[in-house]
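In this chain, residues are counted from 1 in sequence order.
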Amino acid sequence: MTTDRTPDEILHRKLIAERYGPLDRLEAERFPATVDSAQRAVDASEEQWRRQVREIAIRYGWTLQYHTADSRRSDPGWPDEVIGHPVQQRTLFVEFKTDTGRIRPAQRVWLAHLADSGLEVALWRPCDLPTVLRVLGPARQRAVLPPAFRRPAA
């Protein structure tokens, strides 16, 4: 059987199969390995996306995770999740958005500050799944803000 799937798509299918069991034809249609970004934005809320990334992180040994349960009582702008990998001695500061979600000014300030301080900072959307897998997985790619990220005015 030949396949044109990328390594990221194969891993995604494996993770789905581990979570939901073997994929038969109907399940494969329900949990496709690749979905266009418009469909992803409709289907996944920011919280669902954050939880999916958290599950991926756990599978790759990122055992230290912090998420503010109720950010309404916190100072504005702090990233959604802080993820640590004790063996790799890495810490990521991650802001999650849907594919169409907007970054608030306070979030932009914090993300820029953390990145400018030399820390690994990411702004991840569902369309960034291949990047998420490269950063959290065995490739150990360094997390960086997207090239189109606009820094706050000084």
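- Between V53 and E81, the closest side-chain pair of non-hydrogen atoms is not below 4.5 Å.
- Between Q65 and I58, the closest side-chain pair of non-hydrogen atoms falls below 4.5 Å.
- Minimum interatomic distance between Q88 and W62 (heavy atoms only, all atoms of both residues): OE1-CZ2, 4.0 Å.
- The main-chain N or O of G101 is found under 3.5 Å from a side-chain atom of R125 such that the two form a donor-acceptor pair.
- Under a cut-off of 6.0 angstrom, the local environment of CZ in R142 is crowded, with over 12 non-hydrogen atoms contributed by other residues, nucleotides or ligands.
- Looking at residues two or more places apart in sequence or on another chain, you find a side chain to side chain contact (heavy atoms under 4.5 Å, CB included) between E46 and D80, E95, F96, K97, T98.
- For the pair T91 and L119, the minimum side-chain heavy-atom distance is 4.5 Å or more.
- Distance alone, capped at 3.5 Å, places no donor-acceptor pair between the W124 side chain and the V132 backbone.
- A salt bridge does not link E55 with R51: every distance from a Lys NZ or Arg NE/NH1/NH2 to an Asp or Glu carboxylate oxygen is 4.0 Å or more.
- Applying the side chain to side chain contact (heavy atoms under 4.5 Å, CB included) test to T63 and every residue at least two apart in sequence or in another chain returns P86.
- Annotation for V135 and R90: closest pair O-NH1, 3.4 Å, computed over non-hydrogen atoms.
- Of the inter-residue distances, the one linking Q141 atom CD with L133 atom CG reads 10.5 Å to the nearest 0.5 angstrom.
- Here the closest non-hydrogen pair linking H85 and Y60 is NE2-O, 3.1 Å.
- No donor-acceptor distance shorter than 3.5 angstrom exists from the side chain of W49 to the backbone of D99, with no hydrogens or angles considered.
- Heavy-atom minimum distance, A143 versus E120: N-OE1, 2.8 Å.
- Between D128 and L123, the closest heavy-atom pair is OD2-O, 3.6 Å.
- Checked options V82, L136, V121, L114; the residue passing with L92 is L136 (criterion: side-chain contact (heavy atoms from CB on, under 4.5 Å)).
- Hydrophobic clustering (ILVMFWY, side-chain heavy atoms < 4.5 Å, transitive): I103 and W110 are in one cluster.
- The minimum heavy-atom distance between A115 and L145, with the atom names listed, is CB-CD1, 3.8 Å.
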